[in-house]
Number of protein chains: 2
Amino acid sequence: MWRMPKLADHEERRARIVAALLRIAASRGLHAASMRTVAAEAGVSVSTVQYYFGTKERLLFAGLQHQAEAVGRRIEAGLAANPGGSVRDSLYAWLVQLIPVNEQQRAGYTVFAAYHALALTDPALAEQSYTRGSDELEVVLRALLADAQQAGELSSGRDVGAEAGNLLALATGLADSVMADMRTPEAATALLNYQLDQLFVAASSTSPAAARRP
Amino acid sequence: MWRMPKLADHEERRARIVAALLRIAASRGLHAASMRTVAAEAGVSVSTVQYYFGTKERLLFAGLQHQAEAVGRRIEAGLAANPGGSVRDSLYAWLVQLIPVNEQQRAGYTVFAAYHALALTDPALAEQSYTRGSDELEVVLRALLADAQQAGELSSGRDVGAEAGNLLALATGLADSVMADMRTPEAATALLNYQLDQLFVAASSTSPAAARRP
DNA sequence: GATCGTACAGTACAGTCGTACTATCAAAGC
DNA sequence: GCTTTGATAGTACGACTGTACTGTACGATC
C-alpha cells in the first residue's frame with residue numbers, strides 16, 4: 001500500500017484536482033461537478049479539495065483559469081507549428097486552432113461553453129477576463145494583415161481592422177456550428193480557407209480550397 | 001371531441017410558468033431555476049408546476065422549445081420589416097437579428113447559451129434540434145445570394161453556398177463577441193455591414209459602412 | 001524524543017433539490 | 001343536490017449540496 005509523502009507538492013495536487021473538475025465538466029457537465037464528485041474523480045477526499053481550494057467558488061475559478069491558459073497555449077502552438085510560411089498560412093494556422101477538430105478540443109470547448117454560460121449571469125465569474133486571449137489574437141491578426149497589405153498580397157479596398165475582427169468572429173461562429181453538429185470540422189476548415197482565399201489576391205492562391213482540407 | 005375547459009386555460013398557465021422559468025434563467029442562470037424558484041416567480045405553488053409539466057425535465061424541455069420558437073419568430077419578423085428592399089438589405093435584416101442589440105435580445109441569448117452548454121453534455125436535450133432555425137436560415141441566405149449573383153450584384157468569383165455559411169457563422173461569432181463584452185452592438189453591426197459591402201459589388205454600395213450604423 | 005504544523009480522512013449539519021402523496025375547493029354532469 | 005373531476009395547495013421524504021468541525025498520522029524542528 002502506497003502512502004503519500006507528508007510534504008505534498010501543492011502545485012501537483014491542485015493540478016490533479018483541477019484536471020478532475022475539467023474531466024467531469026467535459027463529460028457530465030459543469031453542474032455535475034460537486035465537491036464530492038470532483039474529489040472522487042481525483043481519488044482524494046472532499047477534505048483534501050477543501051484544503052487546497054477552500055471553497056467551491058475558488059475551485060471553479062481555478063478551473064476557468066486553467067482552461068483559459070490552455071486555450072492560450074494551443075493558439076501559440078498553432079503559430080509555432082508554422083514558422084516560415086506565408087502570411088496566409090500563418091493566419092490559417094492561428095484561426096484553425098479555434099475550430100474543434102478532435103475529441104480533446106471538443107471537450108475543451110464544452111467546458112468553455114459551460115463557463116461562458118455561467119459567466120453571463122455570475123458577475124464574479126465575468127470579472128475574470130477569460131476572453132483576453134481572443135483580444136490579443138485579434139491584435140496579432142491585424143498586424144499580420146497589415147504586413148500582407150503593405151506587401152500587396154491582399155485584395156484591394158480591404159480594411160485590415162475590420163478583416164481581423166471578422167476573421168476572428170468567423171472562426172468563432174464556425175466553431176459554434178461544429179459544436180452544434182451543424183457542420184463537420186472538415187467543412188468548417190474548408191469555409192475558413194474559402195474566406196482567406198477571398199481576402200488574399202487570387203494570384204497567391206495556387207490551389208483550390210478543397211485541396212487545403214486536412 | 002372538444003371539451004370546455006373546466007376552470008383554467010392550460011395554454012395560458014403553461015405559458016406563464018415557462019415565462020417565469022426563462023426570466024429566472026436570463027437573470028440568475030438556468031442553474032437557479034428550480035421547481036420552487038420558478039413556482040415563486042410565476043406566483044403559483046410548486047404543485048401547480050408539477051400539475052402542468054409533471055417533471056422538471058419536461059419543464060426545461062418546454063423552456064427550450066419556447067426559446068427556439070421565439071428566435072424563429074424574431075428572424076421572420078426581421079424579414080417582414082424589410083419587404084421591398086434590395087437583396088443586400090434583406091440579408092442585413094435577417095442577420096442583424098442574431099446580434100443582441102438590446103437588453104431583451106441579450107436576455108434571450110443568455111438563456112440560449114445556458115441551454116446550449118447543457119445540451120453539450122445532455123443527450124436528451126441535444127436530441128431536440130433547437131438549431132433547426134439556423135439551418136433553415138442558411139438555406140434562405142443561399143437562395144437570396146443566388147438571386148443576387150444571377151442579377152450580377154455580387155463580386156466575381158463568389159461561391160454562394162460558402163458565402164451563406166460564412167455570413168451565418170460571422171453573425172454568430174459577432175453575437176458571441178458582443179455577449180462577451182468584447183465589442184459593442186454598434187461595432188458588430190458595422191462589421192457585418194463591412195462584410196456585406198465586400199460581398200456585393202462596389203457600385204451598389206453608395207454609402208460607407210459607418211453610415212449604415214443604426 | 002517531545003512538540004508542532006502539515007496533509008489529509010471522516011463526519012455532522014443546515015439547507016435545497018425533485019417528487020410523491022394527501023387534502024381541499026369549486027365547477028360539471030347526472 | 002349529489003357525485004365526479006379538474007385544479008390547486010401543503011407537506012413529507014430521501015437524496016444531495018457546500019462547508020464546518022474533529023481526529024490523526026507523519027515529517028520537520030528543537
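A note on names: the letters A, B, ... follow the listed sequences, proteins ahead of strands, and every chain is numbered from 1. What you see below is based on every heavy atom in this structure, not just the backbone, and it leaves out hydrogens, waters and symmetry mates.
- Counting only heavy atoms from C-beta on, B:Val46 has its side chain closest to C:dT19 among D:dA9, C:dC8, C:dT19.
- Neither OP1 nor OP2 of D:dG18 sits under 4.0 Å from any side-chain N or O of A:Thr55.
- Comparing atom distances between the B:Tyr51 side chain and each of D:dA7, C:dC8, D:dT19 picks out D:dA7 as nearest.
- When distances run from any side-chain atom of A:Thr48 to the nucleotides C:dA9, C:dT19, D:dA20, the shortest one goes to C:dA9.
- Here ring pair (Phe, Tyr, Trp, His ring centres under 6.0 Å) pairs that include residues 112-132 of chain B, with residues two or more places apart or in two chains, are B:Phe112-B:Tyr130.
- Legend: ring pair (Phe, Tyr, Trp, His ring centres under 6.0 Å) pairs involving residues 56-75 of chain A, not counting sequence neighbours: none detected.
- For the pair A:Gln50 CD and C:dT6 C1', the computed distance is 16 Å after rounding to whole Å.
- Distance A:Arg13 CZ to C:dC8 C1': 9 Å, rounded to the nearest Å.
- An OP1 or OP2 oxygen of C:dT6 is reached within less than 4.0 angstrom by no side-chain nitrogen or oxygen of A:His10.
- Among the atoms of the strands shown, base atoms are found under 4.0 Å from some heavy atom of B:Ser47.
- The existence of a salt bridge linking A:Arg16 and A:Asp9 is excluded, since no basic side-chain nitrogen approaches an acidic carboxylate oxygen closer than 4.0 Å.
- Regarding A:Phe53, its CZ atom lies at a distance of 15 Å from the C1' atom of C:dC8, rounded to whole Å.
- Comparing D:dT8, C:dT19, D:dT19 against the side chain of B:Met35 picks out C:dT19 as the nearest.
- Between the C1' atom of D:dT17 and the CG atom of A:Leu60 lies a distance of 13 Å, rounded to the nearest Å.
- In this structure, B:Leu59 places its CG atom 14 Å from P of C:dC17, rounding to the nearest Å.
- Remark: the backbone N or O of A:Thr121 is not paired with any side-chain donor or acceptor of B:Arg28 at under 3.5 angstrom.
- For A:Lys56, counting side-chain heavy atoms from C-beta on, the closest listed nucleotide (D:dT19, C:dC17, D:dA9) is D:dT19.
- Between the OH atom of B:Tyr52 and the P atom of D:dT8 there is a distance of 4 Å, rounded to whole Å.
- With the nearest nucleotide of DNA chain D identified for both A:Ser34 and B:Arg36, B:Arg36 has the one nearer the 5' end.
- Between A:Ile24 atom CD1 and D:dC16 atom C1' the separation is 15 Å, expressed in whole Å.
- Protein atom CD1 of B:Ile17 is 14 Å distant from nucleotide atom C1' of D:dA9, rounded to whole Å.
- Judged by distance alone, the side chain of A:Gln198 and the main-chain N or O of B:Arg158 form no donor-acceptor pair under 3.5 Å.
- Checking C:dG18, D:dA9, D:dT19 against every side-chain atom of B:Ser45, the shortest atom distance belongs to D:dA9.
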